Number of protein chains: 2
Amino acid sequence: MAVSVTIVDVAKAASVSIKTVSRVVNKEANVRPATREKVLAVIERLHYRPNLSARGLAGKRSYMIGLLYDSPSPSYLANLQAGVLEACQDVNYGLALRPVAYGDAELCTKVIDWLRHTMVDGVLLTPPLCDSVALIDAIKDAGVPCVVVSSTGPGSVPAVMIDEKEAARQMTQHLIQSGHRSIAFIKGHPDHYASKQRFDGFVQAMQEAALTVDTDLVKQGYFDFSSGKKIGEDMLNTHSHPTAIFASNDDMAAGVIHAAHRLKLSVPGEIAVAGFDDTPLSRQIWPSLTTVRQPIRRIGQSACDMLLASIADGGCQNADTSTIEQLDFELKIRGSSAPE
Amino acid sequence: MAVSVTIVDVAKAASVSIKTVSRVVNKEANVRPATREKVLAVIERLHYRPNLSARGLAGKRSYMIGLLYDSPSPSYLANLQAGVLEACQDVNYGLALRPVAYGDAELCTKVIDWLRHTMVDGVLLTPPLCDSVALIDAIKDAGVPCVVVSSTGPGSVPAVMIDEKEAARQMTQHLIQSGHRSIAFIKGHPDHYASKQRFDGFVQAMQEAALTVDTDLVKQGYFDFSSGKKIGEDMLNTHSHPTAIFASNDDMAAGVIHAAHRLKLSVPGEIAVAGFDDTPLSRQIWPSLTTVRQPIRRIGQSACDMLLASIADGGCQNADTSTIEQLDFELKIRGSSAPE
DNA sequence: CCGGTGATTGACAGCGCTGTCAATCACCGG
DNA sequence: CCGGTGATTGACAGCGCTGTCAATCACCGG
């Protein structure tokens, strides 16, 4: 590897001790402004970058955070990751990725093992991992700060999310206002807490409009295309199908639209469809999909910032003050629910 | 952070020196089998995992590899990354992600700076980054091994790819065999070498079938949905449009299909469409898309294995012996080119 | 049984940084 | 001008590992 400038080089060039350079680099207090300036100038001139391995070894911290996920949709992962990376770069933190399987019986053991091994300073949890009380407790026990991405049911951990229930309620209202009365709902994966919230929002809107939630029109999906397609085919293959279907995410909604095409039903004429997430897919299918936009990238960034802040705070053992940050969502009304 | 078992603990428990433990961990030669067994047993029992920071600091290596990319499609990134992570996990290597902008004037400087800073032992380059001779040279100069994902034009670096040209040729043959004579082609992003190869394959197949490549039917796209849609609209909006369109990737093909729907043309009846990549999208749109399947995940894994091998090899300065590994592709014939 | 060879093992320095603690400094009130 | 206080700075140990090199071992042929 190419040789690097070390802290010693900077210290010599600035005529201070390495400890002082270290203080400046770590933005510690009690460094005279003049000294700080001088050191910063040298750092800039020499392009000094602290060695992460050395920092990790010497300090208590590894300057890495972990991102745990279980097969999210590619676009979710890509966006989230982009946001997290951005936040990390600002403070020179590294990101360690860790794909896991939610169903794994040894999930907790494996994760804890990994925490010990990588020494990450904190972890970001994505759905449905954040809905495992056991996992969250294990991470807490290990003394590793953690922030949850998206809504979380049980456990009290800091989280960044949108108001899933309200979003689903507004989307349902949109369908009702468009004249639909017989509206079906495809629930999301039962492991995800967000599934419940989205369903709750749907129910609330229906009740507010004095419409009955027909249990025959509520189906259990799994957030994937094929479950949406299957359910869509079943539902639409009757002469008295609903006039609108609200699927809990875009992949399932795409499945419904696929089924509609196959059955030669026009969308939105004979069947209106709405999804959730605003994935790229939602703009690429025909007709383009009415959906709820979640700022995944910003959610990732905020969650990461929150995590980094709690790491900087030190232990931050006060798990009670679990802050919740809510970001804005946006209804995207497109061709699948209204003629273009 | 939770306390960990160190090499000293293992050494004591196994009654050997830490150096011997180190040898076993690093699979070095010249350790008596009996000793190796004994140490391995203790490692297993104590759940010992070497501290990455310490290894990085003490050794010449950082036990990390880098993945450079410039806004690839989410599914490409997710799959590639999954493959790379798998390969890394096998040998306990870490992965550092680095999104960059191909167009950035300071690209090389930034990348080299990053290499120095992270001390990664090697880098994986994705398109179109791997098509920048300047970048590859800079990385070589820095003495960092690198492997290229997907085909690469200039520069001689190890690479893992599919035979893009042959794949495009076969896809074109499929369209010809389906009876099409007037076939349009949408080229990929000009920065990507693969774009050229796919086009070459198309031209070859046309020539082999004694068909003319009508320059009016060859358009420049940019691998994104909107360029495909735009070109599709322009092309299909004439009374004498081609009967088939081969787009250089799935996103553009989806754009063409979107345009066809909008113009109320039936696919594949009035216009057949083929894409390239077999992204999830290709199965989710209607009709599902005929495309070429690239084993992205396995490409990532192989590329990573290759990189790890060349790192283990030591310097591996012999850039001449640039190995090329070709994986199999597969034609996926679906509804967009043949009635379901 | 002896010296020689290569395999096996260990002692020790040092990678570049942070934490601890002591030394020094600047500046205050009396 | 003096002692006292808190801000500022630096000396030094040590984080857990690998690289170097020397010591020791096993085993060979004569």
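These numbers come from a predicted model, not from an experiment. Computed from heavy atoms alone, side chains included, the values below leave out hydrogens, waters and symmetry copies. Residue numbering restarts at 1 for every chain, and letters A, B, ... go by the order of the sequence lines.
As rounded to whole Å, 12 Å separates atom P of C/dC17 from atom CZ of A/R49. One atom, CE of A/M119, and another, P of D/dC15, lie 12 Å apart when rounded to the nearest Å. Between A/N26 atom CG and C/dG19 atom C1' the separation is 11 Å, expressed in whole Å. Atom CG of A/L52 and atom P of C/dT18 are 10 Å apart (whole Å). Between A/L57 atom CG and C/dG14 atom C1' there is a gap of 12 Å when expressed in whole angstrom units. The distance between atom CD1 of B/I7 and atom P of D/dG19, rounded to the nearest whole Å, is 11 Å. What separates NZ of B/K19 from C1' of D/dC17 is a distance of 9 Å, to the nearest Å. Distance, A/I18 CD1 to C/dG14 C1': 14 Å, rounded to whole Å.
You'll find that the side chain of B/V16 is closest to C/dG10, out of C/dG16, C/dG10, D/dG16. In the set C/dG19, C/dC17, D/dT18, the nucleotide with an atom closest to the side chain of A/P50 is C/dC17.
At the phosphate of D/dG10, OP1 or OP2 sits under 4.0 Å from a side-chain N or O atom of A/T20. Side-chain nitrogen and oxygen atoms of B/T6 include none within less than 4.0 Å of the OP1 or OP2 phosphate oxygen of D/dG16. Distances shown here put a side-chain N or O of A/N30 below 4.0 Å from the OP1 or OP2 atom of D/dT8. The phosphate of C/dA11 has neither OP1 nor OP2 within less than 4.0 Å of any side-chain N or O from B/S17. For the pair A/Y63 and C/dG16, the criterion of a side-chain N or O lying under 4.0 Å from OP1 or OP2 is not met. Phosphate contact (OP1/OP2 of D/dT9, side-chain N/O of A/R32, threshold under 4.0 Å): present.
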Steps toward side chain to side chain contact (heavy atoms under 4.5 Å, CB included) verdict (A/W114, A/V100): CA-CA 11 Å; A/W114 181 75; A/V100 296; over 6 Å; no

Check against side chain to side chain contact (heavy atoms under 4.5 Å, CB included), A/L129 and A/S132: CA-CA 6 Å; A/L129 303 168; A/S132 162; 6.0 Å; no

Passes side chain to side chain contact (heavy atoms under 4.5 Å, CB included), B/V111 versus B/V123? Steps please. CA-CA 10 Å; B/V111 170; B/V123 273; over 6 Å; no

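Looking only at distances, a side-chain donor or acceptor of B/S302 sits under 3.5 Å from a matching main-chain atom of B/R298. Counting only distance, with no hydrogens or angles, the side chain of B/D9 and the backbone of B/T6 share a donor-acceptor pair below 3.5 Å.
Under the 4.5 Å side-chain criterion, counting only non-hydrogen atoms from C-beta, A/L67 is in contact with A/T126. Side-chain contact check for B/S17 versus B/T20: some heavy-atom pair is nearer than 4.5 Å. Using a 4.5 Å heavy-atom threshold, the side chains of B/N26 and B/R55 count as touching.
Between the base of D/dG19 and the side chain of B/R23 there is no donor-acceptor pair shorter than 3.5 Å.
Listed in residue order, the members of residues 35-46 of chain A having a heavy atom less than 4.0 Å from DNA chain C come to none.
Across the strands present, D/dT9 finds its partner in C/dA22; the criterion is a Watson-Crick or G-U wobble pair with both atom distances under 3.5 angstrom. C/dC28 and D/dG3 make up a base pair, with Watson-Crick or G-U wobble contacts both under 3.5 Å.
Using a 4.0 Å heavy-atom cutoff across all strands shown, A/V25 reaches no nucleic acid atom at all.
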